[in-house]
*Asks:* 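The structure's right below; bear with me while I get my questions together.
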Amino acid sequence: MTSDRQEAAPLVELREATKVYGSGPAAVHALAGVNLAIGEGEFVAIMGPSGSGKSTAMNIIGCLDTPTAGEYRFKGIAVGQLSRNQRTLLRRHFLGFVFQGFNLLARTTAVENVELPLIYRGMAPAERRRLALGALRRVGLEGREHHTSSELSGGQQQRVAIARAIVTDPAVLLADEPTGNLDTKTSREIMELVATLNRDQGITVIMVTHETDIAAYARRAIRFLDGRVESDVPRREAA
């Protein structure tokens, strides 16, 4: 019975999750009892104004923060019961991150940037180089493997960041405003790449964005307001 429930559990689940920063009159309730479930293979856009709780929810899902109360479950496992080292391992083996600012090492080549998560895993140099080159091919950067960040356009840098996020074959790709520093044309190219990774390779994508045209690439839109889920609808209904 237990194993059946585990198999049926959502990939990501928040149960009455709250997050409070500070105490007393100065306390800020970033999340106020959020219930949220995301299944394997979904592409979800999390939206909302500044201070709505969307980034806090993303940080909890990414094991970068913990709820003050309530529960976060990943593949049916109560993450709050894990040690700090276990949460680090969960991030390292199951989650990939893409940020607005790319977060690449400036004087390091594309392939060396993509190798970084594999170094943390203790992988042998030849194997991590093979996997990093493969990830760069998956994002369309053949021929740019040995270019440094300063030699790449913004769109190419974000492709390197995506390659770094997927080189470990994560269960979830967490993207925080992934097109925030890109022009309209490049943003479309990046989002088409992310949508392809979701559709063709089955990577679950959870993306924070404030742009409705970017959210339209997702198949589900969740809108936060005042620390709560205001709406949660499939894209076709949201449109």
Side-chain angles (χ1 to χ4, degrees), residues 5-6 9-40 42-101 103 117 161 165 170-180 194 203-212 214-215 218-234 238:
R5 285 198 300 270
Q6 288 284 95
L11 181 60
V12 165
E13 185 177 18
L14 297 178
R15 297 180 177 179
E16 292 296 326
T18 67
K19 184 65 182 182
V20 181
Y21 295 102
S23 59
V28 175
H29 293 261
L31 294 182
V34 169
N35 289 294
L36 177 62
I38 298 172
E40 290 190 26
E42 287 202 71
F43 185 169
V44 176
I46 296 179
M47 306 183 71
S50 297
S52 63
K54 63 184 188 297
S55 294
T56 300
M58 179 72 98
N59 287 339
I60 290 173
I61 291 169
C63 295
L64 300 172
D65 204 348
T66 56
T68 305
E71 192 172 47
Y72 168 38
R73 287 182 169 266
F74 185 85
K75 290 194 170 187
I77 297 170
V79 176
Q81 296 177 12
L82 302 179
S83 67
R84 176 176 292 184
N85 285 342
Q86 288 173 322
R87 291 197 299 273
T88 298
L89 289 173
L90 191 159
R91 277 199 309 273
R92 191 174 294 171
H93 289 273
F94 293 95
L95 306 176
F97 296 86
V98 177
F99 301 98
Q100 177 177 342
N103 290 7
V172 182
L173 180 65
L174 297 167
D176 190 358
E177 301 282 3
T179 62
V194 171
I203 298 175
T204 302
V205 178
I206 303 174
M207 174 181 67
V208 165
T209 182
H210 66 277
E211 301 176 73
T212 54
I214 297 302
R219 289 180 284 163
R220 178 180 170 196
I222 301 171
R223 184 173 294 277
F224 276 67
L225 184 66
D226 296 332
R228 300 181 184 275
V229 174
E230 181 188 37
S231 62
D232 182 351
V233 294

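Starting from 1, each residue takes its place in the sequence as its number. In what follows, every heavy atom counts, from backbone to side chain, and hydrogens, waters and symmetry copies are set aside. As the structure is a prediction and not an experimental result, all values here were calculated from the model.
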*Asks:* Donor-acceptor pair, distance only, cut-off 3.5 Å: does the side chain of Thr68 make one with the backbone of Val20?
*Replies:* yes
*Asks:* Looking at OG1 of Thr204 and CG of Leu11, how far apart are the two atoms once the value is rounded to the nearest 0.5 Å?
*Replies:* 5.0 Å
*Asks:* Using 0.5 Å steps for rounding, measure from the CD atom of Glu40 to the CD1 atom of Ile203.
*Replies:* 12.5 Å
*Asks:* With sequence neighbours excluded, tell me which residues meet side chain to side chain contact (heavy atoms under 4.5 Å, CB included) with Pro117.
*Replies:* Arg164, Val167, Thr168
*Asks:* So, using side-chain hydrogen bond (donor to acceptor under 3.5 Å, both in side chains) as the criterion, who are the partners of Arg91 when residues are at least two apart?
*Replies:* Thr88
*Asks:* Going from NZ on Lys54 to CG on Asn59, what distance comes out if it is rounded to the nearest 0.5 angstrom?
*Replies:* 11.5 Å
*Asks:* Side-chain contact test, heavy atoms from C-beta onward, threshold under 4.5 Å: evaluate it for Asp226 versus Ser52 and give yes or no.
*Replies:* no
*Asks:* What closest approach, in Å, do Pro49 and Leu225 show between heavy atoms, and which atom pair accounts for it?
*Replies:* CG-CD1, 3.9 Å
*Asks:* Under the rule for ring-ring contact (aromatic ring centres under 6.0 Å, His included), what residues qualify as partners of Tyr72, not counting sequence neighbours?
*Replies:* none
*Asks:* Can you run down the side chain to side chain donor-acceptor pair (under 3.5 Å) pairs that involve residues 16-36, sequence neighbours left out, and say none if there aren't any?
*Replies:* Glu16-Asn35, Lys19-Asp65, Tyr21-Asp65
*Asks:* What's the shortest heavy-atom distance between Ala165 and Pro170, and which atoms?
*Replies:* O-CG, 3.3 Å
*Asks:* To the closest 0.5 Å, what do you measure between CD (Glu177) and OG (Ser55)?
*Replies:* 7.0 Å
*Asks:* With heavy-atom distances below 4.5 Å as the criterion, would you say the side chains of Val12 and Ile206 are in contact?
*Replies:* yes
*Asks:* Between Ile214 and Met207, is the side chain to side chain contact (heavy atoms under 4.5 Å, CB included) condition met? List the steps.
*Replies:* CA-CA 10 Å; Ile214 297 302; Met207 174 181 67; 3.8 Å; yes
*Asks:* Run the numbers on Phe74 and Ile61 for side chain to side chain contact (heavy atoms under 4.5 Å, CB included), then give the verdict.
*Replies:* CA-CA 8 Å; Phe74 185 85; Ile61 291 169; over 6 Å; no
*Asks:* Are the side chains of Met47 and Val208 in contact, using a 4.5 Å heavy-atom criterion?
*Replies:* no
*Asks:* Tell me every residue that passes side chain to side chain contact (heavy atoms under 4.5 Å, CB included) with Ala78, counting only those two or more places apart in sequence or in another chain.
*Replies:* Glu71, Arg73, Gln81
*Asks:* How far apart are the closest heavy atoms of Ala17 and Pro67, and which atoms are they?
*Replies:* CB-CB, 4.5 Å
*Asks:* Report the residues that fulfil side chain to side chain contact (heavy atoms under 4.5 Å, CB included) with Arg220, sequence neighbours left out, ordered by chain and then residue number.
*Replies:* Leu36, Ile38, Glu42, Val44, Ile222, Asp232
*Asks:* Looking only at heavy atoms, what is the nearest atom pair of Val34 and Gly227, with distance?
*Replies:* CG2-O, 3.3 Å
*Asks:* Hey, mind stepping through Phe97 and Leu173 against side chain to side chain contact (heavy atoms under 4.5 Å, CB included) and telling me if it holds?
*Replies:* CA-CA 6 Å; Phe97 296 86; Leu173 180 65; over 6 Å; no
*Asks:* Mind checking the CG-CZ spacing from Leu82 to Arg87? Nearest 0.5 Å is all I need.
*Replies:* 7.0 Å
*Asks:* Would you please test Leu14 and Ile60 for side chain to side chain contact (heavy atoms under 4.5 Å, CB included) and show each step?
*Replies:* CA-CA 9 Å; Leu14 297 178; Ile60 290 173; 4.0 Å; yes
*Asks:* Within the 4.5 Å heavy-atom criterion, are Phe43 and Val194 side-chain neighbours or not?
*Replies:* yes
*Asks:* Which atoms form the tightest heavy-atom contact between Val98 and Ala161, and what is the distance?
*Replies:* CG2-O, 4.2 Å
*Asks:* Does any part of the side chain of Val172, heavy atoms only, come nearer than 4.5 Å to the side chain of Phe94, both counted from C-beta?
*Replies:* no
*Asks:* What heavy-atom pair brings Gly62 and Leu174 nearest, and what distance separates the two atoms?
*Replies:* CA-CD1, 3.5 Å
*Asks:* Give a yes or no on whether a salt bridge exists between Glu230 and Arg228, defined as a side-chain N under 4.0 angstrom from a carboxylate O.
*Replies:* no
